[in-house]
Every structure is written in structure tokens, then in C-alpha cells.
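Residue numbers run from 1 in the order of the sequence given. All values reported here derive from a predicted model rather than from experimental measurement.
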Amino acid sequence: GRYMFMTLMSAGIAVLGLLLSSPAVVIGAMLISPLMGPIIGLGFGLATFDTAEIRASAVALAIGIILAVVFTAAVVMLSPLQNVTEEIAARTRPNLFDLMVALFSALAGAYAMVRGREGTIVGVAIATALMPPLAVMGYGLATLNWTVLGGSSLLFFTNLMTIALAAAVMARLYGFGSDLSPQHTLLQTLVGIAVLIALAVWVFLILAAPRQSGGITLPGMFDGSRWDIFTDPEVWQFIGRGVLATLQAAAVAAVGAVALGVVFSLLRSSEHAWIRVPTAWLLEFFRGMPVLLMMLFILLVASTGAFWAVVIALIVYNGTLIGEALRAGLAALPRGQREAALSIGMRHVQSKILVEFPQAFRQMLPIIVAQLVVLLKDTSLGYIVGYNETIRATMYNLSSYFGNRYLFSLFAVTLAIYLTINLSLSWFARWLSRRTASGYRKGGPAGPPAGGTADPTSAIRLADADAARLAAAEEPDR
């Protein structure tokens, strides 16, 4: 009874706000809308495979949808105001931002329910705006405006699927449904894949559909008129120069970062406190300084030019992280390595450079490669300081020359280039991690875990923990 009453009141307020084109009244309808609860319940029911919860939530949703659409249609038919207002039109053109709002709101709502903060659901209901699309559906039905009805229906059901799926994912992450059978888990996976495919098709259709702007019909994003510039070889030559500039900056910075990392690791692991302590302070300063701020500082103060501002900043920042990784690798080696080197007459520096450091470098090589992938992506910050890398060449220079008509196609090409380069390097890092991990499993010291690109910071902490464990184990022997 309460659910149906609140649904009717929310729908009535929403349709009046839409007809009056009053955002404040529409927000009031969102505040009292009870639809978010059944949708979140549907997501949790899918996560736990609770058929009773799924059935109850689906029935409540169906009742709410029917009541809202029929009631708003009746109000519109009796109303003297039946023009398409701005508030109504805004609910008939769903876009990617609506999808993102639904996704983030669903994650927030599911988290609030898991953590016992149900009051957050009110804010989530405002963000997703579930009731206004239903009111617009009733408006389209009453006025026989099938364009309005179709657009608002697409918006509502897209939000519904996104919220339910995101809530199910959040529930699984918090341990709900962890005792399900493999068959139920497989069924959940298939349902999730089906929903993702449906959303992908929806996104494709939205992007491909022509758009109205100022009385002019604009072609869809996949129309040939938005891609014809790529038949010009000079365009690809210009893009190629941008990619080459990105790779040049990344290559020079990578060599410099590894070299600086070696120096930092040796200084950081020095036995002399007057060397070790200032180095630690310097490393913490560079690690805490944003890369972009460092680029701007070098460009404005040293007047080095855009290329060297990008390269030097990347060398300093990534060199500190690589140095910490190598230092942790040195600390994680068994003490017997150094003791054996010292026993045959080597000095401490010789032992560290000739015996310990090669092992630490091999142990931390996957971590170093993973950090170099991050370095490559950070070259895109050169866009801000005027370096003509890939993004500046495509998304700024070419889009300014050819116009915003080609903005999406240039974005797609730029994304494809970066994905190709970064995924190739990530694959190499994972392959290298498996190779080094298999070598360590044959009898060497413990290496980084196989199966994925290791995170440099977590790997450093893990190596430090291993070093502390080895030191504690060898303490009784001395």
C-alpha cells in the first residue's frame, strides 16, 4: 500500500514538474520515489541467486512502472499543458553520460545498503532520476508521441539494467553469494555478459543515430563523412609524427629512469647514514610531487623546451620508483649472497654491484617494465606543456584544423593507438613476470608473483617484508 501510494504521488509530482518545466518540482518527485529499493533488491537477488527476492523485486518494479505510466498518462490527458518542454525533451535523448550516472549511482546505492547507510539512497535516487523517464513515457503514451515514448523508455530501462547489474557486482565483491554452486555462478556470468552486450548495442545505436542541433541534422558518429579524412595519407603522416614523438620521449625517459633508479637504489642502500638519509628524503620529495607540476616547473624555470621538460620530469619521477623497487630487491636477497662475496675478498661496493645488484635487477625486472608502461602513458601529459605528442597531434591540432565534426573519429583512432602500444607492453610485462617467476620457483629467491603485471608500490612493500623476514630468520645464527 505505501509503495503504491508513494509511486503514484512521485509520478504525479514528476509529470507536473515536467509539464511546467520546473527542475525543482522534478527533484521533489525524485526525493520520494520508491523505485530505487526494488532495483537494488533485484541486483542483490541476482548476486545471491535468491529466486524469491528476484521475483518479489520484479513484481514490485512491474507494479510501480505500470502505475506510474498509467497515472501520468491520465494526468497529461486531463491537463491543458501538453507541449514538449525542455524537461521532457531532456528525458528523450539518452547518452553515455546518463549511463555513467546510472553506473556510479548504482555502486553508491549498493555500497550504502551493504554498509547500513540507507539514507544515501535518497541522493542516489536523485542522481539516477528513475521517475521522470516514467512520467515522460506516460506523456508520450497520452499524446501518441512515439519518439518521446521510445526515447524515455530506452533511458529508463537502460538505467534499470545498469543499476541492477552494478548492484549485483557490488554485492558479489562484498561476499554475497560466495556459496553459490558453479552452475549458478555460470548462469550469473551469462546474464552479466548478456546485459553488457545489450548495453554495448545500445551505445552503438546511440552513437550511430543522427542528431538534431539548431535545426540541423548531424550525421551519426559512424557515418562515412566523419571518417573521410583518414583516406588522406598526410593525416596519417601527421599522426605518425605524433606517435613517434611519444615513443621518442618514452624511450629517452625510460633509459634515464632506469639509470637514475640504479643510482638511487645504491645510494638508498648505502651503509653510511649521511648518504642514505638525505637520499631517502629526496626520494620522498620526488615521489610526492605531481609529474605535471614537475614538467611545468622545469619548462618555466629551466627553459629547457617542451621535449626535455617532459623527459626530465618522467626520468626523475619514475627513477625514484624504480630506485625504490631495486632497493627493495637488494634488501630481499639472503645475507649469504653478500657474505659469500665478502669471504672471497670483495669489498662491500664490489659485492653490491657485481653479486647482489644483478640478482635484484632480475628479481624486480617485471616491476620495472610495469613502471615503464606507466611512464609511456604519462607522456600524454606533454600535451599541457606544448609537446607535440600523440594526443596533442590528434585531439588538438587535427581537430582544430578539420573541426569538431571529426572529434569522435580522432578520439577513436587515438584510443586505438594507445591501447595497441600499452597492451603490447603490458603483455610483455606479464610474460616477463611469468618467466622470472618460473626461474625463481626452480630454487632462487622469491620473485614477483606470476599471472599479471605487478604493482610497483605493492611489490616494494612485499620485498621489504621478505627482507625483514629473512633478517629475523638469520638473527639467531649471528
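- Of all non-hydrogen atoms in Met295 and Asp378, the two that sit nearest each other are CE-O, 3.9 Å.
- Using a 3.5 Å distance cut-off with no hydrogens or angles, the side chains of Ser57 and Glu53 do pair a donor with an acceptor.
- Scanning both residues, Val136 and Ser152, for their nearest heavy atoms gives CG1-CB, 3.5 Å.
- Note that the CG atom of Leu375 and the CG atom of Leu321 stand 10.0 Å from one another [nearest 0.5 Å].
- Distance check: Leu299 CG to Ile312 CD1 gives 10.5 Å after rounding to the nearest 0.5 Å.
- Counting only heavy atoms from C-beta outward, the side chains of Val316 and Met289 never approach each other to under 4.5 Å.
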Table please: side-chain donor-acceptor pairs of residues 70-78 below 3.5 Å, with sequence neighbours left out.
residue: Thr72; atom: OG1; partner: Ala68; partner atom: O; Å: 2.7
residue: Thr72; atom: OG1; partner: Val69; partner atom: O; Å: 3.0

Residues Val243, Ile421; criterion side chain to side chain contact (heavy atoms under 4.5 Å, CB included); working and verdict: CA-CA 10 Å; Val243 174; Ile421 297 174; 4.3 Å; yes

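- To the nearest 0.5 Å, the span separating CG on Asn388 from CZ on Arg241 amounts to 8.5 Å.
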Distance-only criterion, 3.5 Å: show the donor-acceptor pairs between side-chain atoms of residues 302-309 and protein atoms not counting sequence neighbours.
residue: Thr304; atom: OG1; partner: Ala309; partner atom: N; Å: 3.4

Verdict with supporting geometry, Val235 and Phe230, side chain to side chain contact (heavy atoms under 4.5 Å, CB included): CA-CA 6 Å; Val235 172; Phe230 297 108; 4.3 Å; yes

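- When the side-chain contact (heavy atoms from CB on, under 4.5 Å) test is applied to Ala254, the partners found at least two apart in sequence or on another chain are Leu372.
- Contact between Ile391 and Tyr383 at its shortest, heavy atoms only, is CG2-CD1, 3.8 Å.
- Annotation for Ala257 and Leu314: closest pair CB-O, 4.5 Å, computed over non-hydrogen atoms.
- Here the closest non-hydrogen pair linking Tyr418 and Glu389 is OH-OE1, 3.3 Å.
- Counting heavy atoms from C-beta on, the side chains of Val373 and Lys377 come closer than 4.5 Å.
- In this structure, CG on Leu283 lies 5.0 Å from CD on Glu324, to the nearest 0.5 angstrom.
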I'd like a table of donor-acceptor pairs (distance under 3.5 Å, sequence neighbours excluded) in which one partner is a side-chain atom from residues 221-228, with atom names and distances.
residue: Asp223; atom: OD2; partner: Ser225; partner atom: N; Å: 3.0
residue: Asp223; atom: OD2; partner: Ser225; partner atom: OG; Å: 2.5
residue: Ser225; atom: OG; partner: Arg405; partner atom: NH2; Å: 2.9
residue: Arg226; atom: NE; partner: Pro219; partner atom: O; Å: 3.1
residue: Arg226; atom: NE; partner: Gly220; partner atom: O; Å: 3.0
residue: Arg226; atom: NH1; partner: Arg405; partner atom: O; Å: 2.8
residue: Arg226; atom: NH2; partner: Pro219; partner atom: O; Å: 2.9
residue: Trp227; atom: NE1; partner: Met221; partner atom: O; Å: 2.8
residue: Asp228; atom: OD1; partner: Tyr406; partner atom: OH; Å: 2.8

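- Inter-residue side-chain proximity for Val84 and Tyr139 is flagged as met; some heavy-atom pair is nearer than 4.5 Å.
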Evaluation steps, side chain to side chain contact (heavy atoms under 4.5 Å, CB included), between Ile239 and Val413: CA-CA 9 Å; Ile239 294 175; Val413 170; 4.3 Å; yes

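- Interatomic distance, CZ of Phe361 versus CG of Leu365, reported as 5.5 Å (0.5 Å rounding).
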Mind listing the side-chain donor-acceptor pairs of residues 5-30 below 3.5 Å, one per line with the distance, residues two or more places apart or on another chain?
residue: Thr7; atom: OG1; partner: Tyr3; partner atom: O; Å: 2.7
residue: Ser10; atom: OG; partner: Ala29; partner atom: O; Å: 2.8
residue: Ser22; atom: OG; partner: Val25; partner atom: N; Å: 3.4

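- Ring orientation note: the planes of Phe264 and Phe286 are tilted relative to one another, at an angle of 30° to 60°.
- Leu144 meets the side-chain contact (heavy atoms from CB on, under 4.5 Å) test with Trp146; sequence neighbours excluded.
- Using a distance-only test at 3.5 Å, with no hydrogens or angles considered, no donor-acceptor pair links the side chain of Asn83 to the main chain of Thr85.
- By the neighbour-count criterion of 12 heavy atoms within 6.0 Å, atom CZ of Phe408 is densely surrounded, having more than that number from other residues, nucleotides or ligands.
- Note that CG of Leu61 is 11.0 Å distant from CD1 of Ile66, once rounded to the nearest 0.5 Å.
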Thr246 vs Leu376, side chain to side chain contact (heavy atoms under 4.5 Å, CB included): CA-CA, chis, key distance, verdict: CA-CA 8 Å; Thr246 294; Leu376 176 63; 4.0 Å; yes

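- The shortest side-chain heavy-atom distance between Phe156 and Ile65 falls under the 4.5 Å cut-off.
- Contact of the Val258 side chain with the Ile322 side chain is registered, since non-hydrogen atoms from C-beta on lie closer than 4.5 Å.
- Of all the heavy atoms in Val310 and Gly382, the pair that sits closest is CG2-CA, 3.6 Å.
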